[in-house]
Amino acid sequence: MPINMIVCCKQVPDPEAPPASFKVAGDKMTVPPDVKPVVSPYDENAVEAALRIKDTIGGKITVISLGNNLTRDVIKKPLSVGGDELILLEDAAFEEGDSWATANALAAAIKKVGEYDLILCGRQSADWNAGQVGLGIAEILGIPAVSVVRKVEVVDGKAKVERAVSDGYEVVEVELPALLTITSELGDLRYAALKGIMAAAKKQPIVWKPADIGLEPSQVGAAGRCVKLAKLFQPVRETKCEIIEADTPAEAGANLAAKLREAKIL
Amino acid sequence: MAENKGILVFGEIAEGEFPSITTELLGCGRKLADELKEDLSCLLASDAVGDLSKAAIAFGADKVYTVEDSTLKRYEADCYMQVADQVIGQVSPRVILLGNTPMGADLAPRLAFRLRVGLSTDCLELSIDPGTKQLMQTSSVYGGNAQAIFTAEALPQIATIRVKAMSPIERDESRKGEVIPAKVSLDMSKVKTKVVETIKEEVAGVKLEDAPAIVCGGRGCGGPEPYDSTLKELAAVLKGAVGASRPPCDNGWVPEAMHIGLTGKIVAPDIYFAIAISGASQHMSGCSGSKTIIAINKDPEANIFKQAHFGVVGKFEDVVPALTTKLKELLAG
Ligand SMILES: Cc1cc2nc3c(=O)[nH]c(=O)nc-3n(C[C@H](O)[C@H](O)[C@H](O)COP(=O)(O)OP(=O)(O)OC[C@H]3O[C@@H](n4cnc5c(N)ncnc54)[C@H](O)[C@@H]3O)c2cc1C
Ligand SMILES: Nc1ncnc2c1ncn2[C@@H]1O[C@H](COP(=O)(O)O)[C@@H](O)[C@H]1O
């Protein structure tokens, strides 16, 4: 039986940009213009999880993103690979929220969408790395949740998933509706076909403001935070790397061994 | 509700013992409790707690709340949430600390949202502001490219701490403390998830977390083969373990149990070989506590050379076998 799925996708500055491009200014993180925004990587894995379910049992995929001035080409990516609908919670008031404010707004939007069997989030966002919003949404909606999922199958109104733990994984069954947070081992998001990209370009996202999901501006974004950011900083790491040189790489390897012995490291 | 006072840590039990995170939580909790001049409590929930309640006292707890039930043999969110909820109600702590582990990272957000209070995850440092008594929570953000200090006003304040970021206190069997069996009623109709199977993927040999030396291979290894030959041979000489960055795990070259980094294992060996690894911040978050980092990479511009103590620029296929042979010779002699 086809199911209704919701995937929460966040737009973030490319987390794999060279570390030197991340610079704190005041209490904000800045990146140069050549660091492009992307869909947070684990959220792409979550989209892939939804697509695989759609491939096997059919269903509708609604993508929700919260932010402001979201880059259309970036945030429409899930549509280009097979997502059906895109809802943007987009307003200046949504900016600078913490996990609480974000999960609260996403849960309100999900309630407004109304019909859902499975909600998929990334295990953690690539900017704040909190790993809270998915489980928070489940708690607000009062539905079961499984975190750090690397495989999903939906059979007979239940999801059968693999949850990654330190020494292996657990096979967990959970009743629907449920929320899952997805990890990278699930697999990369598939490439978009040209047809998909063109179809996505034509599709208009639905845009909701705080009032559309029944929230006051004071309940969202910076105003709705539970946790205050007292300071953002970059600790200085000072290591000097001693490069072992030689005529050939093999010789350098042998010299490294000698060096480590000499320095009493081994 | 009673006034919020003291620190409550959620101890973890694995196969009848404390994994290191439990003693680290107790060490961190003890420090904060002393700063506040309040009590440190520890919750231990399991099918059998046994002598571990005494061990928790020896590692710094003033009070140990125990909950024993066969359904608590392994962590399952819907059971543990009921335990957590009820024990927090009885203890009414000011601060709650959990490990940033498969258990703590899963439980803490649920708890924070249930109690409608703030949470900082993966904290590297915690302290008490002497003026406001607020918990100052330093966590790593932007994949390790920055750190943030968070505070929250509502009580309790909740934080999860990174594995190996905090130090335990010396075990002292003469410490005095109180063991309190907590009354908890579990409603199984609220349990909507069921663990039907657990599969261990632990790699044979020295455990990654305990290894004094780690040979870690990255995407540049090109496939599963080097993990079983070149890297394994070097690790064997060092009596260490082989690990991997994320791409080799995602690609299925090696099991996830070998994954090191922000979202994998956190390790801090004496010596860490980063082989064909570019040195992304998310990877370095998992190994930057190593005493000596050695990079072998064919790209002289790779970021790893900014973080390593020693480096060789070259293809690992050429460098590593010669390194292994020479080390074997030197260590034998
Ligand atoms: C939220 C988030 C969490 C993440 N968590 C983690 C994590 O926990 N752990 C983790 O590792 N990553 C994590 N990542 C991914 C991380 O950003 C990097 O993508 C990853 O660490 C890169 O792995 P790598 O260095 O092996 O591969 P690459 O970056 O592709 O580097 C390969 C390196 O190998 C070198 N090389 C190639 N061939 C050879 C050769 N023959 N000999 C010598 N050198 C060679 C190349 O010069 C290059 O420097 C995370 C990312 C995000 C966004
Ligand atoms: N602004 C956002 N818009 C959409 N989804 C989000 C947003 N922030 C967080 N999420 C979802 O929640 C997950 C965890 O985020 P975090 O708690 O910030 O680590 C992400 O991987 C997303 O799936």
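Chain A is the first sequence line, chain B the second, and so forth, proteins listed ahead of strands; every chain is numbered from 1. As the structure is a prediction and not an experimental result, all values here were calculated from the model.
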When you compare the side chains of A:Tyr42 and B:Thr263, does any donor N or O come within less than 3.5 Å of an acceptor on the partner?
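Judged by distance alone, the side chains do pair up.
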Region of [X] in contact with chain A, defined by heavy-atom distances below 4.5 Å:
X        : value
B:Met81  : side chain
B:Ile294 : side chain
B:Arg116 : both
B:Val117 : backbone
B:Thr151 : both
B:Ile293 : neither
B:Ala308 : both
B:Asp106 : both

Region of [X] that comes under 4.5 Å of a non-hydrogen atom in chain B:
X        : value
A:Lys240 : backbone
A:Glu242 : both
A:Pro18  : neither
A:Lys158 : neither
A:Val148 : neither
A:Ile143 : neither
A:Ala145 : both
A:Ala126 : backbone
A:Phe233 : both
A:Glu245 : neither
A:Leu229 : both

Closest non-hydrogen atom pair between [X] and [Y], with its separation:
X        : Y        : value
B:Asp250 : A:Ser184 : OD1-OG, 3.0 Å
B:Tyr75  : A:Glu170 : O-OE2, 4.4 Å
B:Gly118 : A:Cys226 : N-SG, 3.9 Å

Heavy-atom pair count under 4.5 Å with chain B, highest-scoring of [options]:
options                                : answer
A:Ala254, A:Ser125, A:Ala252, A:Ala250 : A:Ala254
A:Arg150, A:Glu251, A:Lys23            : A:Arg150
A:Glu175, A:Arg225, A:Glu139           : A:Glu139
A:Pro19, A:Ser166, A:Ala230            : A:Pro19
A:Asp127, A:Thr181, A:Leu260, A:Val174 : A:Asp127
A:Val165, A:Thr248, A:Thr183           : A:Val165

Can you tell if the side chain of [X] reaches within under 4.5 Å of the side chain of [Y], non-hydrogen atoms only?
X        : Y        : answer
B:Leu107 : A:Leu135 : no
B:Lys306 : A:Cys241 : no
B:Leu331 : A:Arg261 : yes
A:Pro15  : B:Gln282 : yes
B:Phe150 : A:Lys228 : no
A:Val146 : B:Thr193 : yes
A:Glu162 : B:Ile199 : no
A:Pro249 : B:Lys315 : no

Parallel, tilted or perpendicular: ring planes of A:Trp128 versus B:Tyr142, cut at 30 and 60 degrees
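Geometry flag for B:Tyr142 against A:Trp128: perpendicular rings.
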I'd like to verify something: which residue of [options] has the highest number of heavy-atom pairs under 4.5 Å with chain A?
options                                : result
B:His259, B:Glu317, B:Arg114, B:Met284 : B:Arg114
B:Thr325, B:Val313, B:Leu323           : B:Leu323
B:Gln137, B:Glu197, B:Gln157           : B:Glu197
B:Ala257, B:Gly314, B:Gly143, B:Ser281 : B:Gly143
B:Ala148, B:Pro255, B:Ala152           : B:Ala148

Please test A:Leu266 against B:Ile271 for side-chain contact (heavy atoms from CB on, under 4.5 Å), starting from the C-alpha separation and ending with a verdict.
CA-CA 8 Å; A:Leu266 278 171; B:Ile271 182 158; 4.0 Å; yes
Looking at [atom1] of [X] and [atom2] of [Y], how far apart are the two atoms once the value is rounded to the nearest 0.5 Å?
X        : Y        : atom1 : atom2 : result
B:Ser285 : A:Asn129 : OG    : CG    : 7.5 Å
A:Glu173 : B:Lys194 : CD    : NZ    : 5.5 Å
A:Asp167 : B:Glu15  : CG    : CD    : 7.5 Å
A:Glu262 : B:Leu330 : CD    : CG    : 10.5 Å

Kindly say whether [Y] contributes a backbone atom to a donor-acceptor pair with the side chain of [X] at under 3.5 angstrom?
X        : Y        : result
A:Gln234 : B:Asn145 : yes
A:Gln132 : B:Leu119 : yes
A:Arg163 : B:Pro102 : yes
B:Lys326 : A:Gly253 : no
A:Thr239 : B:His309 : no

Chi angles and distances behind the side-chain contact (heavy atoms from CB on, under 4.5 Å) call for A:Gln124, B:Leu262:
CA-CA 11 Å; A:Gln124 63 177 219; B:Leu262 179 69; 3.6 Å; yes
Check the pair A:Leu256, B:Ile296 against side-chain contact (heavy atoms from CB on, under 4.5 Å), reporting the backbone distance first and the verdict last.
CA-CA 10 Å; A:Leu256 171 62; B:Ile296 297 167; 4.3 Å; yes
Does B:Phe113 form a side-chain contact (heavy atoms from CB on, under 4.5 Å) with A:Ile137? I'd like the steps, not just the answer.
CA-CA 9 Å; B:Phe113 277 78; A:Ile137 293 171; over 6 Å; no
